[in-house]
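Written out below as structure tokens is the structure these notes cover.
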Amino acid sequence: MKKSFAADFSNTFNAEVRRQYSDKVKQVGNRSLLDIVVPHLALRQYTPYPYKFVEDDSLLPSDGRAFGRIIRRSRQEGIAEIHQSVSTQREEHKWLFLPRDEVWVDTTLRASVDEVEGDKPTYVFLSHLYPEIEDFHTHLDLAATELAREHGEQYKDAYLKRGAMPSGNDLMGHCDMTAAIAPESQPVGSIISHYGVTSLTLTGALSEGFKIVKYNDMAALPNQEETIQALLTEVTANVLRSDGTPAIALQFDPLI
């Protein structure tokens with residue numbers, strides 16, 4: 001990797017932040033007096049600007065620093081590296097993948113065993129530079145292990161399969177990001193879990209609205225891939241636009 005890549009990436013990104021900041025705070029409707037009078041100071045106060053991205057060789061941080069690392073990997077290479085860690089990591093993690101340049105950007109701010117928060121401005125401003133962005137995060141085996149310890153070891157496999165499903169927070173987070181980023185961007189939200197990768201896209205504009213209908217548990221099918229596909233089909237059938245058609249599309253790609 002060229003030594004100048006991180007510096008070039010940081011300069012390009014910070015220029016986009018400066019260009020877009022004032023319009024974006026108007027769009028989200030939470031402008032402060034500082035935003036109105038001296039937006040360049042507000043930018044420094046309300047975001048990590050100037051963003052200083054650093055190059056790293058691993059998708060999982062080794063020295064405690066998570067946010068702001070950039071890693072050059074193909075999508076397939078990155079998924080394989082992350083998937084190898086889901087059984088050993090104790091905290092979920094979050095990245096943005098930029099297909100055009102095959103770059104992974106670590107956006108993790110806060111993480112726990114079953115929840116992770118990324119830096120929203122990074123998503124917003126990178127969406128103006130890249131027409132395609134994919135948000136990855138992990139669902140860890142440790143969460144399933146702890147549930148099984150609490151409710152019975154016989155449920156562990158079921159919990160691992162459930163890890164392939166987007167949670168309500170995952171769905172709402174994806175909608176929140178879609179509403180904030182550049183209109184022409186094509187965001188994909190993906191979960192890397194024990195059995196594979198689940199990818200989420202919206203089938204229509206957010207303005208069309210949608211509702212989530214409660215769905216029932218399903219019996220286990222002969223193998224994990226069939227069970228997960230059935231679960232995801234059930235979710236899709238119960239997240240509906242106002243006209244009754246599915247509001248989301250889910251794709252599962254097995255890795256085990």
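Interatomic distance, CD1 of Ile71 versus CZ of Phe97, reported as 11.5 Å (0.5 Å rounding). Separation of atoms CZ (Phe9) and OG (Ser4) is listed at 13.5 Å; rounding is to 0.5 Å. With values rounded to the nearest 0.5 angstrom, Leu96 atom CG is found 4.5 Å from Tyr123 atom OH. Interatomic distance, CD1 of Ile36 versus NZ of Lys26, reported as 9.5 Å (0.5 Å rounding). Here Lys161 contributes atom NZ and Glu225 contributes atom CD; the two are 11.5 Å apart, rounded to the nearest 0.5 Å. From Gln20, atom CD reaches atom CD of Gln27 across 9.0 Å, with rounding to the nearest 0.5 Å.
The backbone N or O of Asp135 lies less than 3.5 Å from no partner atom in the side chain of Ser190, so there is not a single donor-acceptor pair. Glu16 places no side-chain N or O within 3.5 Å of a backbone atom of Phe13 that could act as its donor or acceptor partner. Between the side chain of Thr138 and the backbone N or O of Ile192, no donor-acceptor pair lies under 3.5 Å. For the pair Arg162 (side chain) and Ile228 (backbone), a donor-acceptor distance under 3.5 Å is absent.
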Next item on the list: Show your reasoning for whether side chain to side chain contact (heavy atoms under 4.5 Å, CB included) applies to Val103 and Val105.
Entry: CA-CA 6 Å; Val103 171; Val105 182; 4.0 Å; yes
Item checked: Steps toward side chain to side chain contact (heavy atoms under 4.5 Å, CB included) verdict (Phe136, Ile79) -> CA-CA 9 Å; Phe136 280 91; Ile79 288 172; 3.8 Å; yes
Checklist line | side chain to side chain contact (heavy atoms under 4.5 Å, CB included) evaluation trace for Trp95 with Ile82 | finding: CA-CA 10 Å; Trp95 305 262; Ile82 295 166; 3.7 Å; yes
Next item on the list: Step by step, work out the salt bridge (charged side-chain N to carboxylate O under 4.0 Å, His left out) result for Asp176 and Lys120.
Entry: CA-CA 9 Å; Asp176 183 52; Lys120 186 175 178 180; 3.3 Å; yes
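The nearest pair of heavy atoms linking His93 to Leu60 is CG-CD1, 4.3 Å. Nearest heavy-atom pair across Pro166 and Thr198 is CD-CG2, 4.4 Å. For Ser127 against Ala182, the heavy-atom pair with the smallest separation is OG-N, 2.9 Å. Leu160 and Ala144 get closest at one heavy-atom pair: CD2-CB, 3.6 Å. Closest non-hydrogen pair, Lys24 versus Ala180, comes out as NZ-O, 2.8 Å. Looking at every heavy atom in both residues, Arg69 comes nearest to Ser58 through NH1-O, 2.6 Å.
A donor and an acceptor atom, one from each side chain of Ser185 and Tyr130, are nowhere located under 3.5 Å apart. Tyr195 and Asn223 are not linked by any side-chain donor-acceptor pair at a separation below 3.5 angstrom, with hydrogens and angles left out of the test. Side-chain atoms of Ser167 and Asn169 include no donor-acceptor pair closer than 3.5 Å. Thr107 and Thr122 are not linked by any side-chain donor-acceptor pair at a separation below 3.5 angstrom, with hydrogens and angles left out of the test. Counting only N and O atoms by type, the side chains of Asp106 and Thr108 include a donor and acceptor under 3.5 Å apart.
Between His139 and His137, the ring planes lie perpendicular to each other; the angle is over 60°, past the 30° to 60° tilted range. In this structure, Phe67 and Phe53 have tilted ring planes: the angle between them lies in the 30° to 60° band.
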For a quick test of your reading: what N or O donor-acceptor pairs under 3.5 Å do the side chains of residues 40-47 make, sequence neighbours left out?
unit_1: Tyr46; atom_1: OH; unit_2: Ser32; atom_2: OG; d: 3.3
unit_1: Thr47; atom_1: OG1; unit_2: Leu43; atom_2: O; d: 2.7
unit_1: Thr47; atom_1: OG1; unit_2: Tyr49; atom_2: N; d: 3.1

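The same ILVMFWY cluster, assembled from side-chain heavy atoms under 4.5 Å apart, contains both Val17 and Ile133. If you chain together hydrophobic residues whose side chains sit under 4.5 Å apart, Val239 and Leu232 fall into the same group. Both Leu200 and Leu231 belong to a common hydrophobic cluster when Ile, Leu, Val, Met, Phe, Trp and Tyr are linked at side-chain heavy-atom distances under 4.5 angstrom. Cluster membership for Val116 and Val197, using ILVMFWY side-chain heavy atoms within less than 4.5 angstrom, is not shared. Criterion: ILVMFWY side-chain heavy atoms under 4.5 Å apart, direct or through other members. Under it, Val54 and Leu126 are not part of a common hydrophobic cluster.
More than 12 heavy atoms of other residues, nucleotides or ligands sit less than 6.0 Å from atom CZ of Arg100.
Ion pairing between a basic and an acidic side chain is recognised when a charged N comes within 4.0 Å of a carboxylate O; Glu81 and Arg73 show such pairing. Under the 4.0 Å criterion applied to side-chain N and carboxylate O atoms, Arg75 and Glu134 are assigned as salt-bridge partners.
Residues forming a side chain to side chain donor-acceptor pair (under 3.5 Å) with Asp141 (at least two apart in sequence, or on another chain): His194. The side-chain contact (heavy atoms from CB on, under 4.5 Å) search around His151 returns Leu147, Tyr155, Tyr159, not counting sequence neighbours.
Residue Tyr51 forms a side chain to side chain donor-acceptor pair (under 3.5 Å) with just one option from Asp119, Asn14, Asn11, and that option is Asp119.
A cation-pi arrangement is found for Arg72 relative to Phe5, the charged atom lying closer than 6.0 Å to the ring centre and inside a 45° cone about the ring normal.
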